[in-house]
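Numbers restart at 1 for each chain; the letters A, B, ... are given by sequence-line order, proteins then strands. Since we're looking at a predicted model, the values are computed, not measured.
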2 protein chains.
Amino acid sequence: MNKKLSVSEARVLEASWELLAQDGIEKFSMRKLANLIGIQAPSIYWYFKSKQLLFQALANQVAKDILLAIHPQGDWKEQLHDYAVTMRKQLQQYPCSAQLLMQTLPLERDYLQMINQFLQAIEPLPLSDKQKFNYIICVINYVLCHELDEYERRQVETELESETEQSLEQWALHVFEQVPAEKISIIHRMYTNGLFAEVGTDEMFVSGLDILLRGIEQKVIASS
Amino acid sequence: MNKKLSVSEARVLEASWELLAQDGIEKFSMRKLANLIGIQAPSIYWYFKSKQLLFQALANQVAKDILLAIHPQGDWKEQLHDYAVTMRKQLQQYPCSAQLLMQTLPLERDYLQMINQFLQAIEPLPLSDKQKFNYIICVINYVLCHELDEYERRQVETELESETEQSLEQWALHVFEQVPAEKISIIHRMYTNGLFAEVGTDEMFVSGLDILLRGIEQKVIASS
DNA sequence: ACCTGAACACCGTTCAAGT
DNA sequence: ACCTGAACACCGTTCAAGT
């Protein structure tokens with residue numbers, strides 16, 4: 001928006017998503033990226049002054065997409081709920097997007113606007129600015145954390161399976177056997193009851209989001 | 001506990017904390033670590049098979065410390081509140097501890113035990129295992145995110161000041177000027193009202209924690 | 001304006017060889 | 001059991017030089 005993308009600048013961003021999908025953010029390198037585009041590594045530096053700034057541009061692309069996908073509807077609670085669900089859906093469209101947003105301080109144009117949109121949903125509520133800001137950051141962090149955990153779980157899972165041909169659940173249970181059962185009794189029970197398969201599901205996401213929104217609601221009620 | 005630390009193994013861990021405090025987790029390298037201890041880089045690999053496993057050991061040290069600092073007292077709400085506050089306090093004792101815990105899947109002994117301890121606080125509540133687990137993960141993630149944000153803010157701040165001799169607040173306001181004011185009106189108002197100085201304070205931490213706990217409370221009430 | 005080759009100053013990790 | 005030197009296969013980034 002504030003800067004028209006040249007063909008090649010867009011090309012770098014496009015190839016970056018491809019590389020992130022292939023190798024993940026840990027193994028992302030400027031050399032591999034250049035290779036994918038068909039140029040030499042130093043050429044990228046003509047478009048982005050550093051890897052950091054490239055990542056920021058990627059993060060901002062995601063933020064912009066989230067912003068575009070958001071449409072206010074219903075009361076503040078329904079709005080925040082929809083915003084969070086929409087944000088998660090958009091994050092899932094881009095590889096490693098949660099990491100990118102986490103690594104970027106929210107001082108980019110579209111990221112700021114996204115936060116502003118979230119803030120607008122609770123603007124009329126009888127809360128202090130401090131509260132409003134803090135609560136919105138909590139909701140956004142919740143969505144990001146959820147995606148981060150999901151990503152990490154998938155990583156360890158595929159890594160484990162390619163190495164030992166064991167599922168993560170099997171391995172977890174094996175780990176538990178080495179720890180005195182009484183010391184982790186509750187978590188042990190949960191895992192043997194098949195809780196593992198539920199981690200990261202839509203239901204879990206909505207359930208965690210719900211306590212956040214109910215918590216905010218209580219604060220609203222308390223101060224009106 | 002399950003493995004007696006040799007003098008040098010403890011020495012590696014000790015030096016690791018020193019290096020993390022000096023350089024941060026991004027610039028942590030095995031070579032610098034070796035240098036700090038007074039050995040060659042490959043020697044570290046006798047104690048820890050990889051950088052990853054060294055980080056896991058560090059994370060587990062933090063988890064153990066949190067566990068030791070926790071003492072159940074009061075009802076479930078007071079307990080969770082104290083646990084979160086204690087966890088934050090312990091995280092602040094170690095440099096980059098939040099990053100270390102975030103990077104580590106909770107499958108280490110002491111980390112598991114820590115989660116179990118949190119779970120114990122809400123064990124008697126009339127909630128499903130799924131809910132209990134999810135809510136506790138939310139609380140733990142909240143504490144970690146809060147520390148992460150704080151760390152990131154400090155990083156950018158010192159980086160910015162050494163480069164441009166500007167404070168983060170000045171720079172943020174400058175960024176705002178480049179964005180159409182109407183599009184970020186709320187966040188703009190908040191920043192000009194001095195909200196910036198409040199980010200990351202104890203008060204903010206407790207305020208966010210509170211909506212989580214109240215949210216859980218509502219769920220308890222709803223299902224009893 | 002856009003791209004390259006060569007180079008700098010680093011990485012994590014392996015491994016034969018030393019004591 | 002513990003440590004080293006040398007080496008492998010990488011990094012991000014700079015910069016003079018090309019077109």
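Shown here is B:Gln92, whose CD atom has more than 12 heavy atoms of other residues, nucleotides or ligands within 6.0 Å. Open room surrounds CD on A:Gln52; 12 or fewer heavy atoms of other groups in view lie less than 6.0 Å from it. Environment of NZ in B:Lys183: sparse, with no more than 12 heavy atoms of neighbouring residues, nucleotides or ligands closer than 6.0 Å.
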Base-pair map of DNA chain D as dot-bracket, where | denotes pairing with a different strand and pairs are Watson-Crick or G-U under 3.5 Å: ||.|||||...|||||.||
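Within residues 23-35 of chain A, the residues having any heavy atom under 4.0 Å from DNA chain D are, by residue number, A:Phe28, A:Ser29, A:Met30, A:Arg31, A:Lys32. Within residues 36-45 of chain B, the residues having any heavy atom under 4.0 Å from DNA chain D are, by residue number, B:Ile39, B:Gln40, B:Pro42, B:Ser43.
For A:Tyr142 and B:Tyr142, the ring centers sit 6.0 Å or farther from each other.
C:dC10 and D:dA9: their P atoms are spaced 22 Å apart (whole Å).
Between the CD1 atom of A:Ile66 and the OH atom of A:Tyr111 there is a distance of 8.0 Å, given to the nearest 0.5 Å. How far OG of B:Ser8 is from CD1 of B:Ile44: 11.0 Å, rounded to the nearest 0.5 Å.
Classification of B:Arg154 and B:Glu157 as a salt-bridged pair fails, no side-chain N sitting under 4.0 Å from a carboxylate O.
Computed from coordinates, the B:Phe48 CZ to C:dT14 P distance equals 16 Å when rounded to whole Å. For A:Lys49 and D:dG12, the NZ to P distance is 19 Å, given to the nearest whole Å.
Residues forming a ring pair (Phe, Tyr, Trp, His ring centres under 6.0 Å) with B:Phe176 (at least two apart in sequence, or on another chain): B:His188, B:Tyr191. Every residue two or more places apart in sequence or in another chain that forms a side-chain contact (heavy atoms from CB on, under 4.5 Å) with A:Leu36 is listed here: A:Ala15, A:Glu18, A:Leu19, A:Gln22.
Of the side-chain N and O atoms in A:Tyr47, one or more sit less than 4.0 angstrom from OP1 or OP2 of C:dC3.
Legend: ring-ring contact (aromatic ring centres under 6.0 Å, His included) pairs involving residues 84-105 of chain A, not counting sequence neighbours, sorted by first then second residue: A:Trp17-A:Tyr94.
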